[in-house]
Amino acid sequence: MRAGLLSSWGARFAGRKELRRRLRPSAAAWFPLGYLPPWPSALAAWRRFSSATPPPCLRGPLLCLPNADVARHVLVTGLTGAHKTTALTLPVLLAAACAGVSVVAFDLKYGERDSLAGAVPEWWRRGRDVLVFAPLDGASMRWNPLAQCHSFGDAYEFAAHLFPDEANQDADFAYWTGAERHVCAALVWALASDDGGRSIARLRALAEAGPDTMSAYIRRHPHASVIAGHLGAFGAMLPKDQAGILQGIAARLEAWTDVRVSMATGEPRGTHSRDEIVLERLRREPTLLLVGVPQAALPRLRSLCQLLMRVLAAQMLRPRGRDESVPVLYVLEELPAWGALPGLADHLATFRSRDVAIVATVQSEAQGQSVYGTTGWAAIAANFVTKVYFSSLADLDAERLSRALGTTFVERVSRSRGWSGTGRQESEHTQVIEMPLRPPESLQGVGAMEDEILVRCSRLPPARVWCPPFHFLPEYSRLVPDIAPATVEMALRHHARCQERETCGRRASTGGREPSSAEDATSRVLPAAAVAMPVAVPPPPTVHPAGDHNDDRAGDDLSAFINALVDDGGGRSGLRVVCRGDRPVELRLRSTLAFRLLGNGETAQAVVRRWAARRWVRQVRPVLVLERRALEVLSSDLCRRLAVLGDHET
């Protein structure tokens, strides 16, 4: 008996012509999905026997998701190690820099090799601004959750986030939660309406101080009667009950015991500080906001991250103004890890009309169900219309996807041969068999092509796409450095960009003249985080505290650095000095060697920030580049010693 597959109908995958017509890259389709190999078997053979990049003839054309499908939100599913970050998320960030789309990326791998910060250099190359909020890094830019607290209603909304109403809680627990929420709102409004500065660190200190200190603060407040009215019956409670409520507020603010978190969420220096993260900019110009939270620190920073997401959602749901035409893309790596985001299902339904899209990754839908519940996760998953599945799926996800792909009907022909009394006989039997378009085992990588993903979007049959990690593709691998930029470098780049804008604005307003005061040109350059950042190691005698802009001290630091460099023989091989005539005009040195000579750690970073404030530094990593204006302050003897090591230009 012999069986052969003659024809099939029912569910099917999208054909090559459909995919090339629908997913062709264009101005209205920038979201990269992967490639359409013309001969999948040949590509699979190449990947099996070679680790080199496949030639373009085997990769096929690039496929991009249309903006209309991106706006319906994208859910990426794959178990750990499926290369969700390196195969899809990083290429999306690189393409967004070119497409003119603002991105808010929540990165759980911040500081690791696969961090989303690897896409930052491409944003710089495209002339885009990058904002970084890394609460555990002293060089982070600042975002103050209480900055937009202008009324008691705003204060109550902040308190409602810290003390949400939980399902199935008893009446006693609900009473104390409501009391803590109301007292917290009154204290937030008190801090926002006095002249002492509004910050969550100050709120926590006031709650920890106890009822007596709080009562004394309220009595001295300029609006004492209003605050007392908001506190209501709190003043009539027993002291032990008051202390319990205040202790409950302080416990919710445990993350702010870390001085780095307090600095990152404190008030910026000045009214228009360059250190402040202004969320309104995301819809006015293409900007990358990178929120870096290492996964190990997420449990204690989850409340802060959820607060940032809530404020961002409120900003994005606001109707757009005339100057707010830039689309915004959220990237939420490991969505369930951030905890239950309030109102996520409702926001997904509204974001599309505001030109805001969300790309979320999950390891399995069981994770989402454990956080949001079965019904809640079903509502959220339904609003992610576009779904991407990697070839490594959990058992339940593979079975669910196999059912969703549908079944195909296969006509199978069986032929038999035999002998009888009348001689040789042949018979043929036709049978129609119903079978899954993809059985669950093939959706878990068994028998599937390596790095193949399945894409389900509206108005198109399921598509099979080749989506390898970015380092297999030259067009992406050359854009991502081996070492991602550090927080301090991103902050310095942002400050340099702001300084350039301000300089151009002042020149335009003064008819092209430079500022009349040297202090006006340099006093607003140093990052506030750099000024307030704690020093981890004792500085060497030649290095002075961060935040001091004295010209002589900056010159002394530079002279000591050059002396140490020359005595070290030019770093043996890591130094390059460009000279014109007998005068050095540029110095290049490996950043690792430069930071070692400067004392390493926060000490070296403080010195580099001080030089950047004087516009002496062009680049920090991977090579420290000092410009001509820095070398002009050196003594003639140091210049001669440095010129001996230099390359001379005519």
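Heavy atoms only: backbone and side chains are in, while hydrogens, waters and symmetry mates are out.
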- Using modelled atom types only, decide if a donor and an acceptor are shared between the side chain of His230 and the backbone of Ala190 within a distance under 3.5 Å. no

- Report yes if the side chains of Leu187 and Leu206 come closer than 4.5 Å at any heavy-atom pair, otherwise no. yes

- Hey, are Trp256 and Thr265 close enough side-chain-wise for a donor-acceptor pair under 3.5 Å? yes

- Does any N or O in the side chain of Gln242 come within less than 3.5 Å of the main-chain N or O of Phe234, such that one atom is a donor and the other an acceptor? yes

- Item | Donor on one side chain, acceptor on other, Asp69 and Ser458, under 3.5 Å | yes

- Task: State whether the side chain of Tyr372 and the backbone N or O of Ala378 hold a donor-acceptor pair below 3.5 Å, judged by distance alone.
- Result: no

- Item | Check ion pair Arg12-Glu18 (N to O, under 4.0 angstrom) | yes

- Message: Is it true that Thr89 and Lys84 share a donor-acceptor pair across their side chains at a distance under 3.5 Å?
- Response: no

- Item | Any Cys457 side-chain heavy atom under 4.5 Å of Thr386 side chain | yes

- Query: Can you name the nearest heavy-atom pair linking Gly368 to Pro336, along with the distance?
  - Reply: N-CG, 3.9 Å

- Task: Would you check, one step at a time, whether the test side chain to side chain contact (heavy atoms under 4.5 Å, CB included) holds for Leu282 with Val103?
- Result: CA-CA 8 Å; Leu282 293 170; Val103 176; over 6 Å; no

- Message: With salt bridge (Lys or Arg N to Asp or Glu O under 4.0 Å) as the rule and sequence neighbours excluded, what pairs involving residues 201-210 come up?
- Response: Asp194-Arg202, Arg204-Glu208

- Message: Can you see whether Tyr110 engages Thr487 through a side-chain donor-acceptor pair at a distance of less than 3.5 angstrom?
- Response: yes

- Task: Could you check Glu452 against Arg438 for salt bridge (Lys or Arg N to Asp or Glu O under 4.0 Å), going step by step and ending with a plain yes or no?
- Result: CA-CA 13 Å; Glu452 182 183 75; Arg438 271 290 182 91; 3.0 Å; yes

- Message: Would the distance check show the side chain of Arg320 and the main-chain N or O of Val326 forming a donor-acceptor pair, the cut-off being under 3.5 Å?
- Response: yes

- What's the shortest heavy-atom distance between Thr177 and Pro164, and which atoms? CG2-O, 4.0 Å

- Which distance, rounded to the nearest 0.5 Å, do you find between the CG of Asp129 and the CG of Leu131? 5.0 Å

- Verdict with reasoning, Met316 to Leu279, per side chain to side chain contact (heavy atoms under 4.5 Å, CB included): CA-CA 9 Å; Met316 297 302 112; Leu279 301 179; 5.7 Å; no

- Message: Below 30° counts as parallel, above 60° as perpendicular, anything between as tilted: where do the rings of Phe351 and His73 land?
- Response: perpendicular

- Task: Determine, for Glu267 against Arg142, whether the closest basic-nitrogen to carboxylate-oxygen distance falls under 4.0 angstrom.
- Result: no

- Item | N-O pairing of Lys109 and Asp107 below 4.0 Å | no

- Message: Any heavy-atom pair between the side chains of Leu19 and Leu460 that's under 4.5 Å?
- Response: yes

- Task: Side-chain contact test, heavy atoms from C-beta onward, threshold under 4.5 Å: evaluate it for Leu308 versus Val291 and give yes or no.
- Result: yes

- For Phe133 and Ile277 the tightest heavy-atom approach is CB-CD1, 3.6 Å

- Query: Side chains of Glu434 and Thr407: do they bring a donor and an acceptor to under 3.5 Å?
  - Reply: yes

- When rounded to the nearest 0.5 Å, the distance separating CD of Glu324 from CZ of Arg354 is 11.5 Å

- Taking Gln444 for the side chain and Leu393 for the main chain, is one N or O donor matched with an acceptor at less than 3.5 Å? yes

- Message: Would you say that Leu332 contacts Met309 through its side chain, given a criterion of any heavy-atom pair below 4.5 Å between the two side chains?
- Response: yes

- Around atom CZ of Arg302, are there more than 12 heavy atoms of other residues, nucleotides or ligands at under 6.0 Å? yes

- Query: What's the verdict on side chain to side chain contact (heavy atoms under 4.5 Å, CB included) for Met214 and Leu231, showing C-alpha distance, side-chain angles and the deciding distance?
  - Reply: CA-CA 11 Å; Met214 176 189 147; Leu231 285 172; 3.7 Å; yes

- Taking Thr287 for its side chain and Glu285 for its backbone only, find out whether a donor-acceptor pair lies under 3.5 Å. yes

- Short side-chain to backbone donor-acceptor contact, Arg403 and Pro436, under 3.5 Å: no

- Query: Tyr330 and Leu312: which non-hydrogen atoms are nearest, and at how many Å?
  - Reply: OH-CB, 3.0 Å

- Option from Val359, Val362, Leu348, Val76 for which side chain to side chain contact (heavy atoms under 4.5 Å, CB included) with Phe384 holds: Leu348

- Carboxylate-amine/guanidinium proximity below 4.0 Å for Asp355 and Arg283: no

- Item | Steps toward side chain to side chain contact (heavy atoms under 4.5 Å, CB included) verdict (Cys184, Leu203) | CA-CA 9 Å; Cys184 179; Leu203 171 64; 4.3 Å; yes

- Main-chain N/O of Gln363 paired to Gln367 side chain as donor or acceptor, under 3.5 Å: yes

- Strictly by modelled atom types, are Trp338 and Gln306 linked by a side-chain donor-acceptor pair under 3.5 Å? no

- Message: Keeping Arg72 on the side-chain end and Ala68 on the backbone end, is there a donor-acceptor pair under 3.5 Å?
- Response: yes

- Note on the structure: So CZ of Phe470 and OG of Ser477: to nearest 0.5 Å the spacing works out to 7.5 Å

- Task: Check whether any side-chain heavy atom of Val74 lies under 4.5 Å from a side-chain heavy atom of Lys387, and answer yes or no.
- Result: no

- Item | Euclidean distance, Leu62 CG relative to Leu33 CG, rounded to 0.5 Å | 8.0 Å

- Is the shortest side-chain N to carboxylate O distance from Glu280 to Arg284 below 4.0 Å? no

- Query: Donor-acceptor pair, Arg310 side chain versus Leu341 backbone, under 3.5 Å?
  - Reply: no

- Salt-bridge contact Glu157-Arg181 (side-chain N to carboxylate O under 4.0 Å): no

- Message: Applying the side chain to side chain contact (heavy atoms under 4.5 Å, CB included) criterion to Val331, which one of Thr361, Leu93, Leu90 satisfies it?
- Response: Leu93

- Query: Taking C-beta and beyond as the side chain, do Leu307 and Pro145 meet within less than 4.5 Å on heavy atoms?
  - Reply: yes

- In Asp397, Thr77, Ile453, the residue satisfying side chain to side chain contact (heavy atoms under 4.5 Å, CB included) with Tyr389 is Thr77

- Message: With rounding to the nearest 0.5 angstrom, report the CG to CD1 distance, Leu335 to Ile380.
- Response: 7.0 Å

- Item | Nearest atoms (heavy-atom pairs only) where Ala95 meets Pro32 | CB-CD, 3.7 Å

- Query: Are Arg252 and His161 close enough that some pair of their side-chain heavy atoms sits under 4.5 Å apart?
  - Reply: no

- Query: Using the benzene-type ring in the case of Trp, are the ring centres of His83 and Phe390 under 6.0 Å apart?
  - Reply: no

- Are there more than 12 heavy atoms of other residues, nucleotides or ligands under 6.0 Å from atom CD1 of Ile483? no

- Task: Kindly compute the distance separating CZ (Arg59) from OH (Tyr35), expressed to the nearest 0.5 Å.
- Result: 5.5 Å

- So, for Val101 and Trp123, which heavy atoms are closest and what is the spacing to 0.1 Å? O-CH2, 3.1 Å

- Message: Regarding Glu276 and Asn144, do their side chains bring together a donor and an acceptor under 3.5 Å, going by distance alone?
- Response: no

